[in-house]
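Down below is the structure, laid out as structure tokens.
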Amino acid sequence: MFDDIPILTDDDNTAPLPSAGARRPALSAPANLAHSSQPRTAPPSADPNTFAESLFQGLTPPQAQAVRHTEGPLLILAAAGSGKTRVITRRIAFLVSCGVAPWQILALTFTNKAAGEMRERIHTVLGGAVSEDGTENRRTRGLTVTTFHSLCARLLRKYAAAAGLKPDFSIYNTSDQLTLVKKAIEAAQLSTANFQPRSVLSVISNAKNELIDAERFAAEAYDFSQKAIARVFTAYTRKLREANAVDFDDLLLLIAKLLRVNPDVRAECQRRWQYLMVDEYQDTNQAQFQIASLIAGEPSATHRPNICVVGDPDQAIYGWRGADISNILDFEKHYPAAATIKLGENFRSSPPILASADALIKHNKNRKPKPLFTSKEGGEKLDVVQCRDELHEASLVAAWLRKHHDADPAEGAAPIAWREMAIFYRTNALSRVLEEAMRSANIPYTIARGTSFYEREEVKNALAYLRVIANQADSVSLGRIINVPTRGIGDTSMGRVEELAERTRSPMMEALRNADQVEGLSARALNAMAKFVSLIDAWTGGGTFLGANISSTLAELIDRVLKESGLEAMYRAQAQTTKSESDLERLDNLAELISSAQQFELEYDAASDPASDLTGGPPSADGEAISKLSSLAGPALAPETGLAIIPAAAGNINVIQAPPLLALLRGFLESIALVADADVVDPSQGSVTLMTLHAAKGLEFPAVAIVGLEEGLLPHMRARESDEALEEERRLCFVGITRAMRRLLLTAAKYRTQRGMSERTITSRFLEELPREHVRGSDQSDPYADLQGTAWGTHAADDEANVSAVQNISSDRQRPIRELSSGGASGAGRSPFPIGSSVRHPQFGVGSVKAFTAGAQARITVEFRGAGTKTLVLEYARLTKA
DNA sequence: TTGCGATCCCTTTTT
DNA sequence: GGGATCGCAA
């Protein structure tokens, strides 16, 4: 039931990272003097040579070569499973051991999860090297490992003014975008019937990915439809700016633009980051390409950019969102001095799996031939099964997983833990049936859907309140909650206020404040609006976030908002009347939101705050001390905004610093806006992972099942129009197959029910493309076969397998969660969980209790298996006995 | 203004 | 099958 609640990942904010000591204006930038052309000083390690040597242990010659190549452009073509992450990690460690300051290194990944893992691994490698004086932390200090989107969000906060934004801008997700596009279509006096918001949005998004803004789009529009969309684009952009908001594409677009047109910003970034690494380079789009090249600097006689890109053209699966495979194919053209290293040997998959993947990908015509090889031997054939329908398919997958989980070592088959297994599918819609099958087979599972928690109505509403608090111009969020719970401000009244806002070109919140100027508003509505405004003002201290009445922690703030807005009461009343499980869950989810804010706050490092000086020099010694200042000791405030304006370290760029609570709130909202599905994958959970093929990129599992190998699904219907799209589908399938280490199951269903209709399917061409000798096929689609048993392997060629789908024996099956949850703040004098006892947390899994502090905000310290040691506030932690 | 029921639409992948 | 939207009654 709680499986799909995501983990608020170890976001960048939690890392000891871009801490440039920017809480104080560093008036000079001494660090900038350090330049790559200068000779390196000795590494800080006691025995640098031994340490540096240790970094090459266990590497193949090409891997070692890639690690050793530190200066000048480098292209690493890393085939699937070729030890790419290892190379990147070691290479960064090697750079540091060569004396490069960590803060001069920038590594860009695709997901927060990947960034977090890489950071951890670098930390492990480097941390182990120094032992004497406890300085290990300092060795990764200032290192920037993050995603393109996070980096851009931070840079945009810092350079907001230069980009024409206020630093408290909101980041709009797809549903916010849709709301705004609808309004833009209306504003352009078009009909949403002729111009579907979704498709208009995708046109706009594609344009932005290619760095085409509204202005240029309008200039280049040639026919009626293009011109109409151009008008929508213009209106949409205007509305975004009026809401002081950016969408995902803007994060990249605006930074790319800024880097191009603003020499100060560009110079600052170039000075700060002398070494740039980009992972998954085959999936970068035009905007990302520009950002990377601009930070690296153009190659010239005097400048050899230290840019290292890693990727694999065969794993390019994001063409549909603007990724441009020619970025990686043309790298050597763009950087003529580039060295290229090919990592071809696969260390992950068994020979049959690898050979199958290789055979499949060879069917792509538009592809450079590339060897894919392993020195491994043996291995099991792939299982390929034709099922009756999706229900049969799901239970068969469950049985297959169970079989491998319960395998008997005595019979020569090593058992595989749940967490070492995954199920992939092409579309999210397929997950439901699988989920049900996992439940009835008592197999613990997790769905990798990072955003699902934040997409629930109650959480969305709570977040909308927070976004209005952080950014009062955020009209989309305001529109969402102005009448939730109902306070008598209906569409008619809001329409009138909107008119005023439109007419005066002022933010909605401003118009609300001036609602008495609006004609035709009922006294009731007017009164309600005034009350609403004063609510917001009370929470924000009139926008200053300072003063005695202002909450001092994020969790307190959210708690207060939930109570005073009436949101919590609304859901409680609802739960009481309906008594339905789903309504009870809403309250839990709100508590969970507070809990995740709590967690965020505990792990928050103010020194890595978005508003801090990302591009400045080395971290200052007092960075940490400053970050602990209380909320009352903030810097002097600018009268209007409550924001302090501080001159930047270098250049003429103003850095605006927010009061701590506001900064925290921003960081929290930002981390939520940028979560990815793959961020949720957590091996410590001890459960099977269900996810889309796209989300599977970069991961590996000993046992993998891929379902729905049918024409129209994989390859997807929408991809059949062009060869290009079809080849991308094949790559997607290739990515899925190459995630598997030892066991792989591919299934198709003869009949599949979609949107209520059962239809006959055709098996995927991709299955035909697999080499027979590596496949153990079986057709179990006979409708007269034993309907109940779905016994895996009864029809299969080998008899080794014969496991019933519905076994109830399981050592680590899921337990009901809502057993204990300790009665809130009261009764927190004693821990309900004795020290040393074992507890379970919905996000972090199982751990053992290490410490307990009593009090109103009783805290409990738990050492989680895999998730590390965390201190949680008991009231919110939702711990249960494990 | 609100809340409910009927109807329509839609179906990929995601930072 | 299910979510969003629309229309109608209170």
On the nucleotide [N], are OP1 or OP2 found under 4.0 Å from the side-chain N or O atoms that [X] carries?
X         : N       : value
Gln196(A) : dC10(B) : yes
Asn428(A) : dT13(B) : yes
Thr174(A) : dT15(B) : no
Asn285(A) : dT15(B) : no
Arg426(A) : dT12(B) : no
Thr692(A) : dT14(B) : yes

What pairs of nitrogen or oxygen atoms, one from the protein and one from nucleotides 5-8 of chain C, lie under 3.5 Å apart?
unit_1: dT5(C); atom_1: OP1; unit_2: Lys182(A); atom_2: NZ; d: 2.9

Tell me if a side-chain donor or acceptor on Asp247(A) pairs with a main-chain N or O of Asp250(A) at a distance below 3.5 Å. yes
Would the distance check show the side chain of Ser202(A) and the main-chain N or O of Ser199(A) forming a donor-acceptor pair, the cut-off being under 3.5 Å? yes
Separation of [X] atom [atom1] from [N] atom [atom2], in whole Å?
X         : N       : atom1 : atom2 : answer
Arg198(A) : dC8(B)  : CZ    : P     : 21 Å
Arg731(A) : dT13(B) : CZ    : P     : 18 Å
Asn483(A) : dG3(B)  : CG    : P     : 9 Å
Leu693(A) : dT14(B) : CG    : C1'   : 14 Å
Asp176(A) : dT15(B) : CG    : P     : 16 Å
Lys208(A) : dT14(B) : NZ    : C1'   : 16 Å
Arg718(A) : dT12(B) : CZ    : P     : 5 Å
Glu455(A) : dT14(B) : CD    : P     : 11 Å

Closest non-hydrogen atom pair between Arg739(A) and Val735(A), with its separation: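 Shortest heavy-atom separation between Arg739(A) and Val735(A) comes out as NE-O, 2.8 Å.
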Whether the Asp474(A) and Tyr172(A) side chains hold a donor-acceptor pair (N or O, under 3.5 Å, no angle test) is what I'd like checked. yes
Run through Val181(A), Ile185(A), Val200(A) and flag the one making a side-chain contact (heavy atoms from CB on, under 4.5 Å) with Tyr236(A).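 Exactly one option meets the side-chain contact (heavy atoms from CB on, under 4.5 Å) with Tyr236(A), and it is Val181(A).
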Of Asn589(A), Val459(A), Asn173(A), the one forming a side-chain contact (heavy atoms from CB on, under 4.5 Å) with Tyr454(A) is Val459(A)
Return the 5'-most residue of the pair Asp249(A), Ile489(A) with respect to DNA chain B, ranking by each residue's nearest nucleotide.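 Its nucleotide being nearer the 5' end, the pick is Ile489(A).
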Identify, between Thr486(A) and Ala719(A), the residue whose nearest nucleotide on DNA chain B lies closer to the 5' end. Thr486(A)
Checking contacts here: which listed nucleotide (dT15(B), dT13(B), dT1(B)) is nearest the side-chain heavy atoms of Thr147(A)?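 Closest nucleotide among those given: dT15(B).
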In terms of side-chain heavy atoms of His149(A), which of dT12(B), dT1(B), dT15(B) is nearest?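 Ranking dT12(B), dT1(B), dT15(B) by closest atom to the His149(A) side chain puts dT15(B) first.
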Aromatic ring pairing Tyr318(A)/Phe110(A), orientation class (parallel under 30°, perpendicular over 60°, tilted between):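 Ring orientation of Tyr318(A) relative to Phe110(A): tilted.
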Cation-aromatic face contact Arg157(A)/Phe169(A), 6.0 Å, 45 degrees: yes
Please say whether the positively charged group of Arg731(A), taken as NZ for Lys or CZ for Arg, lies over the ring of Phe734(A), i.e. under 6.0 angstrom from the six-membered ring centre and within 45 degrees of the axis.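 Checked: cation-pi criterion not met.
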How is Thr753(A) classified with respect to the nucleic acid when contacts are heavy atoms under 4.0 Å: base, sugar-phosphate, or nothing?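 Since no nucleic acid heavy atom lies under 4.0 Å of Thr753(A), the category is nothing.
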Stepwise side chain to side chain donor-acceptor pair (under 3.5 Å) check, Ser170(A) with Asn471(A): CA-CA 7 Å; Ser170(A) 303; Asn471(A) 169 22; 2.9 Å; yes
Does His716(A) stack onto the base of dT12(B), taking stacking as ring centres under 5.5 Å apart and planes under 30° apart?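 Answer is yes, a stack.
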When the C1' atoms of dT5(C) and dT12(B) are considered, how many whole Å apart are they? 23 Å
So, do Trp320(A) and His716(A) have ring centers that fall under 6.0 Å from each other? no
Where along residues 311-321 of chain A does a heavy atom fall under 4.0 Å from DNA chain B? Tyr318(A), Trp320(A), Arg321(A)
